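Side chains included, hydrogens not; waters and symmetry mates left out as well; all remaining heavy atoms used. Computed from a prediction, not measured in an experiment: that's the story for all the values here.
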Amino acid sequence: MSIELSDVSFTYSPGTPYERKALQNINIKFFQGEFTAVIGHTGSGKSTLIQHLSGLVNPTMGQVYVDGININARSVDAKQVKRRIGMVFQYPEDQLFEETVFADVAFGPRNHSLNNAQVEERVRYGLSFVGLDYHEYKDRSPFSLSGGQMRRVAIAGVIALKPDYLVLDEPTAGLDPQARNEILAQFYRLHVETGVTVVMVSHNIEEVVRLAKRIVIMQEGTILLDGSPRSVFKHDSKVLERAGIRSPEVTRLMMELAKRGKPVRTDILTVEEAMTEILAWRGYR
């Protein structure tokens, strides 16, 4: 089971003075159960790439398959398989439109032809996931809530669909550090507990190495690097910087120590790993 992009290219405004190639001959698979981060500088094509995963845009050339089904085909199978993909946009609260929190979270499940009892169960599930009490919030207007609460309601509407594939486009943009950490922890818990496939666009390298088991770096509409965090950040810093990417700060620290002759690993990605390595070097372990 996977989402596959096969020879996918995409051009904005073709045949006009504003024509711009956003993707060029992309071949990639996102496998069931993976947590993948897609990173790159602004304009690298990462957001356009993930919009193809859910069928929001159709390739100019190439095909997109979900579990072997071409999602851009006009078929019953394509329509059904798209329902297995949930997408959280950069500012998902902009998509809120119903009069109550319940109605907004219930919109997706109702369109999946669930009965009233099933819809209520999905709304409870979605609100619980984002840490909002069902009875306290279900009858409130989403527009009476704080910005962070609106973000949570919007995410709850996607989670209520119980997707097999979850696509996240900078889902924590604009949030304070505590709210950002809470929401990312919830996404990661969902991934671990249910096995949902997650593909997340992020600019925060520390978040990426903490959560993702696979990193895809985009550059000028192509895939520059694709692999585990350790394998990706072992590349020469000049290669990464050309793509607008810097290694995690702690990785750069360990590289600097190694340059100065200290016997430490240079593939360290987290503070916890660095602490263990430095203590070992200093003879405390």
Side-chain angles (χ1 to χ4, degrees), residues 1-31 34 36-95 97 108 111 154 158 161 163-171 173-174 197-203 208 212 214-227 232 239-245:
M1 299 175 70
S2 66
I3 301 180
E4 178 183 3
L5 278 69
S6 177
D7 296 320
V8 167
S9 295
F10 183 78
T11 302
Y12 287 104
S13 305
T16 75
Y18 304 101
E19 179 174 315
R20 179 173 67 86
K21 292 183 178 179
L23 297 178
Q24 302 180 57
N25 301 317
I26 298 293
N27 288 281
I28 191 170
K29 286 186 179 182
F30 298 97
F31 295 98
E34 285 186 331
T36 303
V38 180
I39 61 177
H41 62 75
T42 301
S44 61
K46 56 188 184 298
S47 290
T48 304
L49 173 72
I50 65 168
Q51 287 172 10
H52 280 76
L53 305 186
S54 57
L56 284 177
V57 296
N58 294 334
T60 304
M61 296 181 62
Q63 306 294 337
V64 180
Y65 301 95
V66 176
D67 300 339
I69 297 171
N70 182 351
I71 65 171
N72 303 122
R74 295 185 177 182
S75 68
V76 173
D77 286 344
K79 183 178 180 180
Q80 290 296 325
V81 81
K82 284 182 182 180
R83 292 184 171 184
R84 299 173 54 200
I85 305 167
M87 184 161 184
V88 178
F89 295 93
Q90 189 172 46
Y91 293 98
E93 59 270 25
D94 291 345
Q95 277 71 52
F97 65 96
N111 279 277
V158 177
L161 296 170
D164 295 319
Y165 299 95
L166 188 58
V167 182
L168 311 174
D169 188 2
E170 294 274 7
T197 303
V198 179
V199 182
M200 180 178 75
V201 166
S202 177
H203 281 95
V208 164
R214 177 185 178 191
I215 293 176
V216 175
I217 296 182
M218 301 287 296
Q219 181 183 23
E220 297 180 352
T222 65
I223 296 173
L224 176 66
L225 296 170
D226 180 358
V232 165
V239 174
L240 297 174
E241 288 171 3
R242 282 200 297 269
I245 301 296

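Within the 4.5 Å cutoff, side-chain heavy atoms of Val167 are placed close to those of Ile85. Proximity of Asn25 to Thr222: side-chain heavy atoms (C-beta onward) are nowhere separated by under 4.5 Å. Between Ile39 and His203, every side-chain heavy-atom pair lies at or beyond the 4.5 Å cut-off. Side-chain contact between Ile215 and Thr36 is absent, with no heavy atoms from C-beta onward closer than 4.5 Å. Between Met218 and Leu49, the closest side-chain pair of non-hydrogen atoms falls below 4.5 Å. Counting only heavy atoms from C-beta outward, the side chains of Ile28 and Ile223 approach each other to under 4.5 Å. Between Ile217 and Val232 the shortest side-chain heavy-atom distance falls below 4.5 Å.
Distance check: Leu56 CG to Lys82 NZ gives 8.5 Å after rounding to the nearest 0.5 Å. Of the inter-residue distances, the one linking Asp169 atom CG with Ile50 atom CD1 reads 4.0 Å to the nearest 0.5 angstrom. The line from OG of Ser47 to CZ of Phe89 is 10.5 Å long, rounded to the nearest 0.5 Å. Taken from CZ in Arg83 to OG in Ser54, the straight-line distance is 15.0 Å, to the nearest 0.5 Å. Atom-to-atom distance recorded for Thr48:OG1 and Leu53:CG is 11.0 Å, nearest 0.5 angstrom. Taking CD of Gln219 as the start and CG of Leu240 as the end, the distance is 10.0 Å to the nearest 0.5 Å.
Within a 6.0 Å radius of CD in Glu220, other residues, nucleotides and ligands contribute 12 heavy atoms or fewer.
Across all their heavy atoms, Ile71 and Gly55 have their closest contact at CD1-N, 3.6 Å. The nearest pair of heavy atoms linking Ser202 to Val208 is CB-CG2, 4.0 Å. Shortest non-hydrogen contact noted between Val64 and His52 is CG1-O, 3.6 Å. Here the shortest heavy-atom pairing between Tyr12 and Ala22 reads CE1-CB, 3.4 Å. Of all the heavy atoms in Pro59 and Val8, the pair that sits closest is CB-CG1, 4.0 Å. Nearest approach of Ala78 to Ala73, heavy atoms of both residues: CB-O, 3.3 Å.
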Item to check | Criterion side-chain contact (heavy atoms from CB on, under 4.5 Å) on Arg214 and Asp226, from CA distance to verdict | outcome: CA-CA 7 Å; Arg214 177 185 178 191; Asp226 180 358; 2.8 Å; yes
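Side-chain N or O atoms of Arg74 include none that pairs as donor or acceptor with a backbone N or O of Lys79 at under 3.5 Å. No side-chain donor-acceptor contact under 3.5 Å links Ser2 to the backbone of Phe30. In this structure, the side chain of Glu34 engages the main chain of Phe31 through a donor-acceptor pair within 3.5 Å. Without hydrogens or angle criteria, Asn27 side chain to Asp7 main chain gives a donor-acceptor distance under 3.5 Å. For the pair Thr16 (side chain) and Tyr18 (backbone), a donor-acceptor distance under 3.5 Å is present. The backbone N or O of His41 sits less than 3.5 Å from a side-chain atom of Lys46, completing a donor-acceptor pair.
Residue pairs meeting the side-chain hydrogen bond (donor to acceptor under 3.5 Å, both in side chains) criterion with at least one member in residues 55-73, sequence neighbours excluded, are Asn58-Asn72, Gln63-Asn70, Asp67-Arg84, Asp67-Tyr165. Counting only residues at least two apart or in different chains, salt bridge (charged side-chain N to carboxylate O under 4.0 Å, His left out) contacts with residues 13-23 are absent.
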